[in-house]
2 protein chains.
Amino acid sequence: MTNRSLITKQKLLDAATDIIMEHGVHHLTLDEVAKTAGVSKGGLLYHYPSKEALLTAIVERLQTEQNDLYESLQADGNGPVEAFVRLFDETKLHPERSAIHIDAEKMIAFLTLFAVDQEYAERWKHDLDTFFAQFQQTSDPVETMIIRYALEGMMLSEHFNVGVAPPALKQDIIARLIERAQNIDSGKTD
Amino acid sequence: MTNRSLITKQKLLDAATDIIMEHGVHHLTLDEVAKTAGVSKGGLLYHYPSKEALLTAIVERLQTEQNDLYESLQADGNGPVEAFVRLFDETKLHPERSAIHIDAEKMIAFLTLFAVDQEYAERWKHDLDTFFAQFQQTSDPVETMIIRYALEGMMLSEHFNVGVAPPALKQDIIARLIERAQNIDSGKTD
DNA sequence: GAGAACAAACCGTCTGGTCGGTACAGAAAG
DNA sequence: CTTTCTGTACCGACCAGACGGTTTGTTCTC
């Protein structure tokens, strides 16, 4: 795996992610990905021998990026629940770390792939299950799950631009979620 | 529109919804819908002259079903926010009203269609925006939005069966959401 | 029997994937 | 130093199947 090869692969994954985000999976064709990445179709299939391999690579990159960010947020002193909340507002908090930043929109790409084919969901189900299992071990599992669900619903709404909250309200929502997350992390049962 | 025709149309919409729910949009082909509904492809296209017409009909049915249920919940004495929460737990609350019941899973079909093609989202964006606008007019817009987002995130999780809460925990979550919804509807600012 | 409701063969396009070939960088050979 | 060889990276024409939609014909209902 030379450096050149690695760059091309990144370009392809970026292109594919962009297409999903901007136009929806329906437009995610091999020709379109290759064109967007500035690579020929043959070049694409040289690196990712099938569409499924490409999709797998997308999700795997999202997975590791998110995990890295989550761990760095915890290393910064955030509790597990608060770190999760800040995952969704990372852009504004640490713009300098944008290289490893996976924003809420990218996670949508994840969910979108799931929606297209249920079999996809099965493949990463275990990883996600173990990740979310910790949220049932906090000082207030009910509130923790509400926070988690709220964040996921929020990014859903934002992505499809349906019934979105005005920026000011959104800030208040995040603030309240962070406040509650801190309470949970510090063991207060409210 | 004879009675026979109406039954066939319902069968087709049911089949299409089922396919989306169980296998994902990728498997939603005209042949598959026709086969599942026990109708020929020609029969399908007689009623819905294009795939887009079929998809439109699906979403429109979901829209009206949900609106009907929401209004009947409000007529039962639930406040606007509480009614929205109960929308997601309707099966257990009013099993006898299952005919007009639109459960969380069906709403996923909605979102799934959006995921496939962003252009789809535009078509119903206005309707949804006006529906959700009322949630910013409650006694506690921040909490109202959190409740709404939480419910949407919850059905997302349930549908993809990813990191789902055990039944007992889920009950507690719904209970707490209803409690808060009642507070909001009754004007308590917490 | 007339129109509505449906069946089934058929067609054109789109798209995932194949395949033979090219460009080029470096190693090996002379 | 020049030539030859080799493997990586990439190109683009082409193919086969899938899928949306058409057309033509048949059956059911009134």
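Reminder, nothing fancy here: chain letters follow the sequence lines and each chain counts from 1.
For Tyr46(B), whose side chain is taken as the heavy atoms from C-beta onward, the closest listed nucleotide among dA9(D), dA4(C), dG17(C) is dA4(C). In the set dC10(D), dC6(C), dC19(D), dC19(D) carries the atom at the smallest distance from any side-chain atom of Asp31(B). Side chain of Val39(B), nearest nucleotide from dC10(D), dA7(C), dA5(C): dA7(C). Comparing dG17(C), dG21(D), dA9(D) against the side chain of Leu30(A) picks out dG17(C) as the nearest. Nearest nucleotide to the side chain of Ser40(A), out of dC10(D), dA7(C), dT15(C): dC10(D). Considering only the side chain of Lys51(B), dG20(D) comes nearest among dG20(D), dC11(D), dG17(C). Closest approach to the Ser50(B) side chain among dA9(D), dG21(D), dG17(C) is made by dG21(D) (side chain taken as heavy atoms from C-beta onward).
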Self-check item: Derivation of the salt bridge (charged side-chain N to carboxylate O under 4.0 Å, His left out) call for Lys9(B) and Asp14(B)
Solution: CA-CA 9 Å; Lys9(B) 281 178 132 181; Asp14(B) 288 342; over 6 Å; no
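With hydrogens and angles left out, the side-chain atoms of Thr56(A) and Arg123(A) include a donor and acceptor closer than 3.5 Å.
Here dC6(C) presents its P atom at 10 Å from CD1 of Ile7(B), a figure rounded to the nearest Å. Straight-line distance from the NZ atom of Lys11(B) to the C1' atom of dC6(C): 11 Å, rounded to whole Å. Across the protein-nucleic acid pair, Leu12(B) atom CG and dA5(C) atom P stand 13 Å apart, rounded to whole Å.
Residues Gly43(A) and His26(B) both approach DNA chain D. Their nearest nucleotides, taken by heavy-atom distance, put Gly43(A) toward the 5′ side.
Salt bridge status for Lys11(A) with Asp18(A): absent, with no side-chain N to carboxylate O gap under 4.0 Å. Salt bridge annotation for Arg180(B)-Glu143(A): present, with a cationic side-chain nitrogen under 4.0 angstrom from a carboxylate oxygen.
Taking side-chain N and O atoms only, His47(A) has a distance below 4.0 Å to OP1 or OP2 of dC10(D). Regarding contacts with the backbone of dC14(C), every side-chain N or O of Thr29(A) stays at 4.0 angstrom or more from both OP1 and OP2.
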